[in-house]
Amino acid sequence: MRIGIHEGSTRFVVELSGSTKPRIFGLPDPYRVVIDLPEAIFALPADKTGTGGGVIDRLRYGQFQPGTSRLVLDLGGPAKVTRDFLIPPEGDGSWRLVVDLVSTDHADFVAAMRPKALPPRAPAVPLRTEPDGDSDDEDIVVIDPGHGGIDPGAIGRGGIREKDLVLDYANEIKRQLGQSGKYKVILTRDRDVFLPLRERVRIARAGGADLFLSLHMNANGSNRVRGFSVYTLSEKASDQEAADLAEAENKSDVIGGVDLDRYSNDVASILIDFAQSKTNEQSVAFARDSLVKEVQKQANLLPRPWRSAGFAVLKAPDVPSVLIELGYVTNPDEGRLLLRDDYRKELSSTIVRAIERYFEQAREAKRT
Ligand SMILES: [Zn+2]
């Protein structure tokens, strides 16, 4: 990939091993140009992300969804594509995709760059009236490894990536839960692929989840901060740190180039309020009464380890949901620990015990 700056326009060029017809569109807030290609292997040095030029502030790339790879050009302001074309190879060379961009205003950006044919929306999942289902049923746990594909999440020391580490933890928790034979476990992703936040919620609801766990790793400017923490949904954040964290985690869709316009409400908001208050009680019961109590026996906790804020991934109205920050990849000791197989097994078994405790208590409460 390279960027050329010409009089009044910015030229973005990417070399390809074959001919293709890319899908190119823009997204505002913040301004981005998205280029979708068939699933590709990126043969680019890692340091190519982050370099820009002209109207382009930054380049990002990665797998978006199975079958689609995505390049995202973060723009300094509104800019539209004036030309895009493919140049066939000369001799043994590569195909070249050329995209020319010029600065424009917001209205012109929206008019010119609006995505045309959008992929169809997944069908809405009907709201469950009885949030915790039938107690005779197998308990269904949906585990959501955060980030993935084009969105690496937090990057720690030595290049540890949140998206890889949380997938390892999700697989381990699934393995251990599976051993008991009492649970059905669904992963929202089982490989390095990007998923929009609402798609994660949809998978949980469509799968009939009784409990939803979104797994993450935290990062902090200070490398001294460490510890496990868990978050539930609230309109008003419990503290500024939780608010900042929710904002950072909610950026995943922006990083992935998701058009948020596509996400209108699946269900009437009045129903959400009704179902969500009961669901939220259950989320808090899991976070505070099960998870924190189990984890404190085994691992370091962040001060006030249960907090709340407006996390988009926790918005299933009828599924108790928590977001877990397993630890800080920016802390040298905790980062090393989180990478270790024995620590992963231990911390996962703690989480599994908390899940068992939660379902036992829920059943107990139903009987009485
Ligand atoms: Zn995260």
Side-chain angles (χ1 to χ4, degrees), residues 125-144 146 170 173-174 177 180 182-188 197-198 200-216 228-238 242 246 249 266-296 301 304-326 350-368:
V125 180
L127 194 71
R128 272 193 290 182
T129 45
E130 180 57 40
D132 53 0
D134 189 330
S135 59
D136 296 334
D137 285 351
E138 191 177 32
D139 293 318
I140 300 169
V141 180
V142 173
I143 304 170
D144 171 49
I173 295 167
K174 181 182 179 181
L177 277 174
S180 76
K182 286 186 286 190
Y183 304 96
K184 181 178 168 194
V185 185
I186 299 168
L187 297 188
T188 54
L197 296 171
R198 289 294 291 264
R200 299 170 192 265
V201 175
R202 197 196 66 79
I203 292 170
R205 299 191 62 234
D210 297 302
L211 188 61
F212 174 80
L213 279 65
S214 189
L215 300 183
H216 293 260
F228 178 102
S229 51
V230 57
Y231 298 79
T232 53
L233 181 68
S234 70
E235 255 171 79
K236 201 174 162 323
S238 57
E249 296 292 7
D266 315 38
V267 253
S269 56
I270 189 160
L271 286 174
I272 290 182
D273 289 341
F274 174 74
Q276 213 149 39
S277 61
K278 172 77 181 146
T279 305
N280 207 41
E281 273 172 39
Q282 293 171 311
S283 306
V284 171
F286 174 69
R288 186 191 56 198
D289 306 335
S290 298
L291 193 59
V292 167
K293 284 191 179 146
E294 286 297 334
V295 174
Q296 70 187 2
L301 293 173
R304 290 177 294 113
W306 160 59
R307 304 184 192 203
S308 60
F311 292 90
V313 80
L314 301 180
K315 287 189 174 166
D318 46 2
V319 181
S321 303
V322 300
L323 183 139
I324 296 173
E325 296 281 351
L326 293 158
T350 306
I351 294 169
V352 166
R353 276 200 301 280
I355 293 169
E356 287 175 338
R357 181 177 176 145
Y358 166 78
F359 283 118
E360 275 161 26
Q361 283 174 353
R363 259 184 279 277
E364 193 71 30
K366 264 202 151 174
R367 273 197 292 272
T368 54

Trainee: Minimum heavy-atom separation for L301 to Q296, with atom names?
Mentor: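 Heavy atoms only, the tightest pair is CD1-CB, 3.3 Å.
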Trainee: For a 4.5 angstrom cut-off between non-hydrogen side-chain atoms, does Y358 reach P320?
Mentor: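 Of all side-chain heavy-atom pairs linking P320 with Y358, at least one is under 4.5 Å.
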Trainee: Please find the pair of heavy atoms, one from L233 and one from L314, that lie closest to each other, and give the distance.
Mentor: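 For L233 versus L314, the nearest heavy atoms are CD2-O, 3.7 Å.
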Trainee: Is there side-chain contact between Q361 and S290, with heavy atoms separated by less than 4.5 Å?
Mentor: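 Answer yes - side chains close enough.
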Trainee: Carefully, step by step, assess I203 and D144 under the rule side chain to side chain contact (heavy atoms under 4.5 Å, CB included).
Mentor: CA-CA 9 Å; I203 292 170; D144 171 49; over 6 Å; no
Trainee: With heavy-atom distances below 4.5 Å as the criterion, would you say the side chains of L211 and F359 are in contact?
Mentor: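 L211 vs F359: side chains touch.
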Trainee: Closest heavy-atom contact between E325 and E249?
Mentor: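 Reported closest heavy-atom pair: OE2-OE2, 2.7 Å.
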Trainee: Are L187 and K174 side-chain neighbours, meaning at least one heavy-atom pair lies under 4.5 Å?
Mentor: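 Yes, their side chains come closer than 4.5 Å.
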Trainee: May I have the step-by-step check of side chain to side chain contact (heavy atoms under 4.5 Å, CB included) for V313 and F212, ending in yes or no?
Mentor: CA-CA 10 Å; V313 80; F212 174 80; 3.9 Å; yes
Trainee: State, with a plain yes or no, whether a side-chain heavy atom of F228 is found less than 4.5 Å away from one of I324.
Mentor: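 Yes, their side chains come closer than 4.5 Å.
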Trainee: May I ask you to decide if S321's main-chain N or O and S283's side chain share a donor-acceptor pair within less than 3.5 Å?
Mentor: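 Yes.
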Trainee: When I143 is tested against each of I186, I173, T188 for side chain to side chain contact (heavy atoms under 4.5 Å, CB included), which residue passes?
Mentor: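 Result: among I186, I173, T188, I173 is the only option passing the side chain to side chain contact (heavy atoms under 4.5 Å, CB included) with I143.
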Trainee: Are any of the side-chain heavy atoms of D139 and I355 separated by less than 4.5 Å?
Mentor: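 Sidechains of I355 and D139: no contact.
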Trainee: Walk me through it: do E360 and R363 pass the test salt bridge (charged side-chain N to carboxylate O under 4.0 Å, His left out)?
Mentor: CA-CA 5 Å; E360 275 161 26; R363 259 184 279 277; over 6 Å; no
Trainee: Find out whether F286 and T232 are in side-chain contact, i.e. whether some heavy atom of one side chain is under 4.5 Å from a heavy atom of the other.
Mentor: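 In short, these two side chains do not touch, never coming nearer than 4.5 Å.
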Trainee: Identify the heavy atoms of R307 and S238 that sit nearest to each other, and give their distance.
Mentor: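 Heavy-atom minimum between the residues: CB-OG, 3.3 Å.
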Trainee: Let's go through V142 and V319 carefully: what are the C-alpha distance in whole Å and the side-chain angles of both, what is the deciding distance for side chain to side chain contact (heavy atoms under 4.5 Å, CB included) to 0.1 Å, and is it a yes or a no?
Mentor: CA-CA 10 Å; V142 173; V319 181; over 6 Å; no
Trainee: Establish, from distance only, whether the side-chain atoms of S234 and S308 form a donor-acceptor pair under 3.5 Å.
Mentor: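 Note: S234 and S308 side chains meet the donor-acceptor criterion.
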Trainee: For the residue pair A312 and V201, what are the closest heavy atoms and their distance?
Mentor: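 Taking every non-hydrogen atom into account, O-CG2, 3.9 Å.
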Trainee: Any Lys/Arg nitrogen of D318 or R205 sitting under 4.0 Å from an Asp/Glu carboxylate oxygen of the other?
Mentor: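 Salt bridge present between D318 and R205.
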Trainee: Of all heavy-atom pairs between F311 and A242, which one has the smallest distance, and what is that distance?
Mentor: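 Closest approach of F311 to A242: CZ-O, 4.2 Å.
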Trainee: Just to verify, what does S229 make a side-chain hydrogen bond (donor to acceptor under 3.5 Å, both in side chains) with, not counting sequence neighbours?
Mentor: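 Here the qualifying residues are Y231.
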Trainee: Using a strict cut-off of less than 4.0 Å between a Lys/Arg side-chain nitrogen and an Asp/Glu carboxylate oxygen, indicate whether R353 and E356 qualify as a salt bridge.
Mentor: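 Between E356 and R353 there is no salt bridge, as every charged N stays at least 4.0 Å from the carboxylate O atoms.
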